[in-house]
There are 2 protein chains.
Amino acid sequence: MEKSKLSRKEREYLRHRQEILQVALKLFSEKGFHNVSMHEIAKKSEFAVGTLYKFFSNKEDLYKALMLEVSNMFHSSLMAALATSGNELEKIKACVEAKLKVFMDNLDYVRLYLAETRGAGFNVKAGLDTDIKMSYEEFVKKLARVFEKGIKKGLFKKFDSYLLAIALNGISNAFLFQHLEYPDAHPFDADLIINIFFHRVYEKGEMEKCNTKTV
Amino acid sequence: MEKSKLSRKEREYLRHRQEILQVALKLFSEKGFHNVSMHEIAKKSEFAVGTLYKFFSNKEDLYKALMLEVSNMFHSSLMAALATSGNELEKIKACVEAKLKVFMDNLDYVRLYLAETRGAGFNVKAGLDTDIKMSYEEFVKKLARVFEKGIKKGLFKKFDSYLLAIALNGISNAFLFQHLEYPDAHPFDADLIINIFFHRVYEKGEMEKCNTKTV
DNA sequence: TCATATGGTGACGGATAACTCACAAAGTGA
DNA sequence: TCACTTTGTGAGTTATCCGTCACCATATGA
């Protein structure tokens, strides 16, 4: 009982809670918040409706718990990637790789996450989207700071670092969307993204002479 | 009566229909499909509920009509841009410019459009998202063909043209999202996008020597 | 002026779904 | 075995909202 610091009861409670969340995740990601009823979640998770309300005070609360889990998982893994050792390019590469990996491993979560962050998040009245957006914002800023440092070092071209961060995220998100829609149609990987984005943004030494205006 | 080919009645009918659509657009883009009731649309458009059903057979139908309008507007303007004269780079630049312009001029539409295409489109049972996605798909393919041609001409690097199209769209979408969230915070324009994307993807003559692997 | 048609109305029916609560079952400890 | 607590139950309550339909009002035309 001491090895995990939680009593059997507590662990059971958490297991049940987790089971409900898993079922809810599946359903929400398949059909969307408004097209899933508490009865449906109850049935599929083999609990009674009333039981759900012992775990979550209402439907929105359940949804929020789910989204928080997602957000935290993604956030911590991306932040960790940005904190790896190495130069700025390596950090960013690690970040793209981490993103693809976590996202690929949690496609149901991604579907929900994107619905909330990219599509307008109409599912929850307030608070949640703010939290998630702040967390996302924090990540983008950290990424921008890496770009900034890379620019100062002369590694990258002098674009607005924040916009570079957005652009890079935009590319990787685009590929992820594509993957969600057509999983096997257009294979891609982190290297590809890095190549498209950096092969030309990345700048060192003799590349300078390539800076002729293109337009 | 002949100058417009429509009777006064017919014109009034269309005007009323358009008024309803405008109100619905505003509401849907603010609160999402499920958080807007027909009563609300009725009230704000100063028609009775029953009247709405004279124009649209149900709520979903109203929403579809709206989305079709959007989709067609965006689609035709993007396709037109891709069909302009000029080399591949110019076509693509025209396309990015057109996209930014139409989207900026119709931010309410964009919010809805993105909710339907990027977030999972759970608002409508079937058919609509398929149509929109097919239309989007058609555009991406045409864009990819332009890339393909540019690659064959030696203008662009040898990436998978379809993936390039996705990446470019990803970047411009990312900026648009950003703009929707924080309209004045991080100004950007088509040139910036083109620069980030092409300054290094764009390839000619002496740029060849820059092709050293970056990673 | 009156009959008819058309566009417009909004109270109402019916269905669905979130949420409650009185109760049952299972577990616990003596 | 028995009292008591905890966990789980699901029929029922309440509220919302879609969609209808019997009914106005205005316009048109004879």
Side-chain angles (χ1 to χ4, degrees), chain A residues 1 6-67 122-128, chain B residues 1-2 6-28 30-67 122-128:
Chain A
M1 193 190 285
L6 275 79
S7 67
R8 188 175 59 77
K9 287 238 165 164
E10 287 169 317
R11 274 179 283 128
E12 279 234 313
Y13 172 86
L14 289 177
R15 251 196 35 242
H16 287 179
R17 195 186 128 101
Q18 206 52 36
E19 263 169 52
I20 295 170
L21 283 174
Q22 280 310 310
V23 169
L25 167 63
K26 190 100 190 293
L27 289 173
F28 283 144
S29 92
E30 274 166 4
K31 316 183 0 172
F33 181 75
H34 289 285
N35 298 317
V36 175
S37 71
M38 290 300 267
H39 271 85
E40 206 175 345
I41 298 174
K43 197 166 194 186
K44 214 170 181 186
S45 63
E46 291 170 282
F47 286 102
V49 179
T51 311
L52 299 191
Y53 286 89
K54 293 272 159 81
F55 288 89
F56 307 95
S57 61
N58 53 41
K59 188 181 174 186
E60 197 173 302
D61 194 53
L62 168 53
Y63 187 75
K64 275 190 197 173
L66 214 43
M67 293 307 302
F122 297 130
N123 295 334
V124 145
K125 300 197 176 35
L128 172 60
Chain B
M1 192 191 281
E2 269 303 295
L6 275 78
S7 68
R8 187 174 60 76
K9 289 241 165 166
E10 286 168 318
R11 274 178 285 127
E12 279 234 312
Y13 173 87
L14 288 177
R15 252 197 32 241
H16 289 180
R17 194 185 129 101
Q18 205 52 35
E19 263 169 52
I20 296 171
L21 283 174
Q22 280 308 312
V23 169
L25 167 63
K26 189 101 190 293
L27 288 172
F28 282 142
E30 273 166 5
K31 319 187 350 174
F33 182 76
H34 289 284
N35 298 318
V36 175
S37 71
M38 290 301 267
H39 273 84
E40 206 175 344
I41 298 174
K43 198 167 194 185
K44 214 169 181 187
S45 64
E46 292 170 281
F47 286 100
V49 180
T51 310
L52 299 191
Y53 287 89
K54 293 271 160 79
F55 288 89
F56 307 96
S57 60
N58 54 41
K59 187 181 176 185
E60 198 173 302
D61 194 53
L62 167 53
Y63 187 76
K64 274 190 198 174
L66 214 42
M67 292 308 301
F122 297 130
N123 295 334
V124 145
K125 306 212 169 28
L128 172 60

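Throughout, protein chains are lettered first and strands after them, A, B, ... in sequence-line order, and every chain is numbered starting at 1.
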A:Arg8 CZ to D:dT7 P, straight-line distance once rounded to whole Å: 11 Å

For B:Gly50 and for B:Ser37, locate the closest nucleotide of DNA chain D by heavy-atom distance; then report the residue assigned to the nucleotide nearer the 5' terminus. B:Ser37

With A:Ile41 as reference, evaluate A:Leu21, A:Val49, A:Ile20 under the side-chain contact (heavy atoms from CB on, under 4.5 Å) test and give the passing residue. A:Ile20

Using a distance-only criterion (donor-acceptor N/O pair, under 3.5 Å, no hydrogens), is the base of C:dG8 paired with the side chain of B:Lys54? yes

Checking contacts here: which listed nucleotide (C:dC19, C:dT9, D:dG19) is nearest the side-chain heavy atoms of B:Lys59? D:dG19

What is the separation between atom NZ on B:Lys43 and atom C1' on C:dT9, rounded to the nearest whole Å? 15 Å

Decide yes or no on side-chain contact (heavy atoms from CB on, under 4.5 Å) for A:Lys64 and A:Phe56, but give the supporting numbers first. CA-CA 10 Å; A:Lys64 275 190 197 173; A:Phe56 307 95; over 6 Å; no

Round to the nearest Å and state the distance from B:Leu52 atom CG to D:dG19 atom P. 11 Å

For B:Ile20 and C:dG8, what is the distance between atoms CD1 and C1' respectively, to the nearest whole Å? 11 Å

Would you kindly give the OH-to-P distance between A:Tyr13 and C:dA26, to the nearest whole Å? 22 Å

Using 30° and 60° as the class limits, which term best fits the ring planes of B:Phe55 and B:Tyr13: parallel, tilted or perpendicular? parallel

In whole Å, what is the span from the CZ atom of B:Phe33 to the C1' atom of D:dC17? 12 Å

Please compare A:Val36 and B:Glu12 by the position of their nearest nucleotide in DNA chain C and report the one closer to 5'. B:Glu12

Looking at C:dG8, D:dG19, C:dC19, which one has an atom nearest to any side-chain atom of B:His16? C:dG8

Measure CG/A:Asp61 against P/C:dA18 and give the value in whole Å, please. 14 Å

Here the distance between atom P of D:dT7 and atom CZ of A:Phe47, to the nearest Å, is 12 Å

Contact nearer the 5' end of DNA chain C, comparing B:Lys9 with B:Thr51: B:Lys9

The reported gap from NE2 in B:His34 to NZ in B:Lys59 (rounded to nearest 0.5 angstrom) is 7.0 Å

Could you measure the distance from the OG atom of A:Ser45 to the CE atom of A:Met38? Nearest 0.5 Å is fine. 9.5 Å

Select base, sugar-phosphate, or nothing to describe what B:His39 touches, counting heavy atoms under 4.0 Å on all strands. base

